[in-house]
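Reading through the structure tokens given below for one structure.
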Amino acid sequence: EDAVLDAPARAMELHQEPELMAQMHDSLTEGQARDVAEGMKISDEFARSYAAGQVDAGETALLLLWGSLSKMLSPFPHEAGFLDAMADGIMPHIDAAIRGEFDLAAYEKWAEATTDSMSERGSPGIAAKSNLNSFGSGLLAKMGKRIRKGPGQGMTYLERFHQLVSDPRMSGRDVRRAFFREMPEKIGINMKVLSFILLVAGKRDVLVLDRVQIRHLWKGEGKVEKYG
């Protein structure tokens, strides 16, 4: 069915009257402003590291893990799940996928042991169990395959994604378009999660449209359901 989205009324107001944006920024508390500045500092550090060739494909894949674990979770269990996965040894599975040698059965055995350990320790990361399982069966299993034709032919999809993110000539918007054009389908990375990953990776030209921002930019509490 063909459909046209309602205009983002609040976004249009902010574009037409920039002083409204300044007023909104002025309303931030000191703590909020400090947190934003710290987040942008991390983004800038990633951008410099990518530009200098200091980020490898494994580190880019960890951004995909971090983004994947965020789905449907608040920051506390999300970040705890990421730290637990790192501490319990997810990296060899990621490295194998980058090489095109991913073993799903081995990953599932590892994930079961890791989540059992989370449960025994009472880690809040246990809430990320489903996301962690999906990261293996959905993302690594598919992005660990080699590209048969087109851009990046012969690379794994993980290597190609790293190449896209590392290219200083590509904007965040360019990378997003290439991602949805070239990467496998149904790997658990939607527009919001990908935008968040790219923002952290130093691509500052993306907007993370979560439910809060949709409500804000479209000026309506009940409208968010229209836009997924």
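The figures that follow rest on heavy atoms only: side chains count, while hydrogens, waters and symmetry mates do not.
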**Study point:** Connected via hydrophobic side-chain network under 4.5 Å: Leu207 and Val165
**Key:** no
**Study point:** Lys192 side chain vs Arg211 backbone, donor-acceptor pair below 3.5 Å
**Key:** no
**Study point:** Expected output: side-chain Ser43 to main-chain Leu199 donor-acceptor under 3.5 Å
**Key:** yes
Review point. Who are the side chain to side chain contact (heavy atoms under 4.5 Å, CB included) partners of Glu120, not counting sequence neighbours?
Key: none
Check your understanding: Got Leu64 and Leu140 here, is their nearest side-chain heavy-atom distance under 4.5 Å?
Key -> no
Review point. Hey, does the side chain of His162 reach the backbone of Val55 with a donor-acceptor pair shorter than 3.5 angstrom?
Key: yes
Point to revise | Sequence-distant partners of Glu108, side chain to side chain contact (heavy atoms under 4.5 Å, CB included), two or more places apart | key: Leu104
**Study point:** Pairs satisfying side chain to side chain donor-acceptor pair (under 3.5 Å), at least one member in residues 141-150, at least two apart
**Key:** none
Point to revise | Residue list, side-chain hydrogen bond (donor to acceptor under 3.5 Å, both in side chains) with Asp116, at least two apart or on another chain | key: none
Exercise for review: Would you mind listing every side chain to side chain donor-acceptor pair (under 3.5 Å) that reaches into residues 123-136, with sequence neighbours excluded?
Suggested key: Asp84-Ser123
Exercise for review: List in chain and number order the residues that pass ring pair (Phe, Tyr, Trp, His ring centres under 6.0 Å) with His78, two or more places apart in sequence or in another chain; answer none if no residue qualifies.
Suggested key: Trp66
Review point. Of all residues at least two apart in sequence or in a different chain, which pass the ring pair (Phe, Tyr, Trp, His ring centres under 6.0 Å) check with Phe46?
Key: none
**Study point:** Path from Met12 to Ile214 over hydrophobic side-chain contacts below 4.5 Å
**Key:** no
Check your understanding: Would you say Val193 and Phe76 are hydrophobically clustered, going by side-chain heavy atoms of ILVMFWY under 4.5 Å?
Key -> no
Practice item. Quick one: which residue pairs count as a side chain to side chain donor-acceptor pair (under 3.5 Å) with a foot in residues 87-97, not counting sequence neighbours? Key: none
Point to revise | Check: Ser117 side chain, Ala113 main-chain N or O, donor-acceptor pair, under 3.5 Å | key: no
**Study point:** Residue Glu112 excluded, over 12 heavy atoms near CD under 6.0 Å
**Key:** no
Check your understanding: Got a sec, which pairs hit salt bridge (charged side-chain N to carboxylate O under 4.0 Å, His left out) with one end in residues 51-62, sequence neighbours left out?
Key -> none
Point to revise | Pairwise side-chain contact, Val36 with Gln32, heavy-atom cut-off 4.5 Å (strictly under) | key: no
Study note, to complete from the structure: Contacts of Ile147 meeting side chain to side chain contact (heavy atoms under 4.5 Å, CB included) (sequence neighbours excluded), chain-then-number -> Tyr157, Arg160
**Study point:** Those residues that, when tested against Gln213, pass side chain to side chain contact (heavy atoms under 4.5 Å, CB included) (two or more places apart)
**Key:** Leu209, Asp210, His216, Leu217
Check your understanding: With no hydrogens and no angle check, is any side-chain donor or acceptor of Ser70 less than 3.5 Å from a backbone partner on Gly67?
Key -> yes
Point to revise | salt bridge (charged side-chain N to carboxylate O under 4.0 Å, His left out) pairs, two or more places apart, involving residues 8-32 | key: Arg10-Glu13, Glu13-Lys219
Check your understanding: Backbone N or O of Ile98 within a donor-acceptor pair of the Thr156 side chain at under 3.5 Å?
Key -> yes
